[in-house]
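Note on naming: letters A, B, ... go to the chains in the order of the sequence lines (proteins, then strands), and numbering restarts at 1 for each one.
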There are 2 protein chains.
Amino acid sequence: MEIVTPKCLGKREARKQDRRAAILAIAKRHFMEQGYVGVSMSAIAAELGGSKGTLWSYFASKEELFDACVDEVTREYREQVMQLLVPSDNLQATLCAFIRSLLRKVTSREAIQLHRVIHAEVERSPEMGEIFFRRGPQRTRELLAAHLQDAMHKGQLRAADPLKAAFALTSLCMGSQQRAMLGHQFSDAEIEDETDYIVDLFLRAFAPEPGAA
Amino acid sequence: MEIVTPKCLGKREARKQDRRAAILAIAKRHFMEQGYVGVSMSAIAAELGGSKGTLWSYFASKEELFDACVDEVTREYREQVMQLLVPSDNLQATLCAFIRSLLRKVTSREAIQLHRVIHAEVERSPEMGEIFFRRGPQRTRELLAAHLQDAMHKGQLRAADPLKAAFALTSLCMGSQQRAMLGHQFSDAEIEDETDYIVDLFLRAFAPEPGAA
DNA sequence: AGAAAATCGTACCCTATAGTACGGTTATGG
DNA sequence: CCATAACCGTACTATAGGGTACGATTTTCT
């Protein structure tokens, strides 16, 4: 039976996995750069180097390949965004670092492309949007919320619903994302300015109330 | 009869304009609902009722027709959004009314579809995004900024760059738009809550400073 | 009425592209 | 060493869709 054999794969199996990964990598790049309709299976097969029959032996249709790509890209994206929050003892510094990273991330070319593709796909399968939202932006906000709640307990911020506060803080970055999605390229200086502005605004809005202990 | 015919067009010209408008109306609906690639010229011609030749006699290509549609839709959209700010003597009430309308607008089905289509088109013609941004969201912000500047002069808000403040206020609505673009349907109650939350947050962040005159 | 413009219906061309078929070839495993 | 699974190359099918051609017909202008 040998269930616990993580890798006692023969060369056959190994090669198949490599091949599948190679196909996914190529397809991912193409789909993210040119969208679903902009990419032909023939083009992918051509770059892959083999014959079209081989490609179809791994993915039975264009849709199946595309779905696999979206799965992987969203997973990677989420994992990257989740790492942006690095706690420190200074609240303002923590928030600045987080917002700076988040702004960089959401205005990056790859994020723009991913959002574009996702948005286009929500039409075809509406549940995908909800899935993406819950596993992407929502998780980030939950993580951030936990941190804000800490700060609230410490009296660094006024008491409030931490999830809504996190939603507000990240929403403040969405204006920039909108501009990015409409073609604007942000410079480092712009990111820096925007970061400071957002954090300052947030800290004012959630400043501890004078009367509180 | 001659009811002050602003345009002494013969029936020929009149009919041509009607026809053109009819084509645009049909094409607009199709493009907004199914995107550029999702619509075939044959389908538009079929719904129009005539022959394909006629369609091509009005618009020389699919791209030309599409561009005309985007022009019109963005113009309508902008005009509608520009009317959302109705000044009153109560700042909070004014902002609430504006934000409520804006949230409703940016989460509406038609706005979502428009943004989707625009986003998809930025790839093909990057300058379109910039044009849309300047004539759409940016104009709204300028209008709002003028109003905020008034409030700042009156001491209802602390002195600050009004355009950046307007950008922040509208950014706060973008989180909701993101959710809408990912498929979430907002209820009236959600809009109401979100409105109150955003305006409260904004007013806290831009509260007049204690030391000021 | 008669010329001119627009329209119609329909058949057609051309290209792109998803997906298939198949016979020959190479690598893998036992 | 041989059976077999994967692979290759290439040619092929089928369909969709943008765009054209053209003769017949209707509508409008003068």
Side-chain angles (χ1 to χ4, degrees), chain A residues 1-2 5 7-31 33-70 120-121 124, chain B residues 1-2 5 7-31 33-70 120-121 123-125:
Chain A
M1 220 23 205
E2 311 299 322
T5 52
K7 321 201 170 169
C8 72
L9 346 121
K11 278 192 180 175
R12 279 253 259 278
E13 295 303 313
R15 188 173 168 76
K16 272 180 85 168
Q17 290 194 4
D18 280 3
R19 201 78 164 148
R20 192 186 154 92
I23 295 175
L24 269 178
I26 293 171
K28 251 164 50 184
R29 225 188 48 242
H30 277 80
F31 281 135
E33 279 171 11
Q34 293 156 253
Y36 184 76
V37 284
V39 179
S40 79
M41 291 293 269
S42 303
I44 294 174
E47 187 175 335
L48 183 62
S51 94
K52 291 173 70 172
T54 306
L55 179 52
W56 260 269
S57 81
Y58 282 92
F59 298 93
S61 71
K62 190 181 180 181
E63 287 227 358
E64 196 175 312
L65 175 56
F66 180 74
D67 286 353
C69 288
V70 171
E121 285 321 295
R124 300 196 326 176
Chain B
M1 202 56 186
E2 311 302 318
T5 56
K7 305 175 187 172
C8 46
L9 351 114
K11 278 192 179 174
R12 277 253 259 280
E13 295 303 311
R15 189 174 167 77
K16 273 180 86 169
Q17 290 195 4
D18 281 2
R19 201 79 163 148
R20 192 187 154 92
I23 295 175
L24 269 177
I26 292 171
K28 251 164 53 183
R29 226 190 46 242
H30 278 79
F31 281 135
E33 278 169 12
Q34 293 155 255
Y36 184 75
V37 284
V39 178
S40 77
M41 291 292 269
S42 303
I44 294 174
E47 188 176 334
L48 183 63
S51 92
K52 290 173 72 173
T54 306
L55 179 51
W56 260 269
S57 81
Y58 281 92
F59 298 92
S61 72
K62 190 182 181 182
E63 289 227 356
E64 195 175 313
L65 175 56
F66 180 75
D67 286 353
C69 288
V70 171
E121 285 321 296
E123 302 245 289
R124 301 195 327 176
S125 48

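Set against dT7(C), dC8(C), dA6(C), the side chain of Lys16(B) has dA6(C) as its closest nucleotide. Nearest to the side chain of Ser51(B), among dG9(C), dA18(C), dG18(D), sits dG9(C). In this structure, the nucleotide among dG19(D), dT17(C), dT7(C) sitting nearest to the side chain of Arg19(B) is dT7(C). In this structure, the nucleotide among dA6(C), dA18(C), dA6(D) sitting nearest to the side chain of Met41(A) is dA18(C). Distances were taken from every side-chain heavy atom of Ser57(A) (C-beta onward) to each of dT7(C), dC7(D), dA18(C); the shortest belongs to dC7(D).
Lys28(B) approaches Cys69(B) most closely through the heavy-atom pair N-SG, 3.6 Å. Contact record, Lys52(A) with Ser42(A): NZ-OG, 3.4 Å, taken as the closest heavy-atom pair.
At a threshold of 4.0 angstrom between heavy atoms, the contacts of Tyr58(A) are confined to the sugar-phosphate backbone, with no base atom among them. Within 4.0 Å of Val39(A), counting heavy atoms only, lie sugar-phosphate atoms of the nucleic acid but no base atom. Across all strands, Gly49(B) comes closer than 4.0 Å only to sugar-phosphate atoms, never to a base (heavy-atom distances).
Here dG17(D) presents its P atom at 12 Å from NE2 of His30(B), a figure rounded to the nearest Å. Atoms CH2 (Trp56(B)) and C1' (dC12(C)) sit 14 Å apart, rounded to a whole Å. Spacing between atom NZ of Lys62(B) and atom P of dA16(D) amounts to 15 Å, rounded to whole angstrom units. Distance Asp18(A) CG to dA27(C) P: 16 Å, rounded to the nearest Å. Atom CD in Gln34(A) sits about 10 Å away from atom P in dT17(C), given to the nearest Å. For Leu55(B) and dA21(D), the CG to P distance is 16 Å, given to the nearest whole Å. For the pair Ile44(A) CD1 and dA18(C) C1', the interatomic distance rounds to 12 Å; values are reported in whole Å. Note: CZ (Arg15(B)) to P (dC29(D)) measures 11 Å, nearest angstrom.
Contact check for Lys62(A) versus Phe31(A): side-chain heavy atoms found under the 4.5 Å cut-off. Contact of the Leu24(B) side chain with the Phe59(B) side chain is registered, since non-hydrogen atoms from C-beta on lie closer than 4.5 Å. Between Glu123(B) and Glu33(A) the shortest side-chain heavy-atom distance does not fall below 4.5 Å.
In terms of polar N and O atoms assigned as donor or acceptor, the side chain of Lys52(A) comes within less than 3.5 Å of the base of dG19(C) in a complementary pairing.
For dG17(D), the OP1/OP2 oxygens have no side-chain nitrogen or oxygen of Ser42(B) closer than 4.0 Å.
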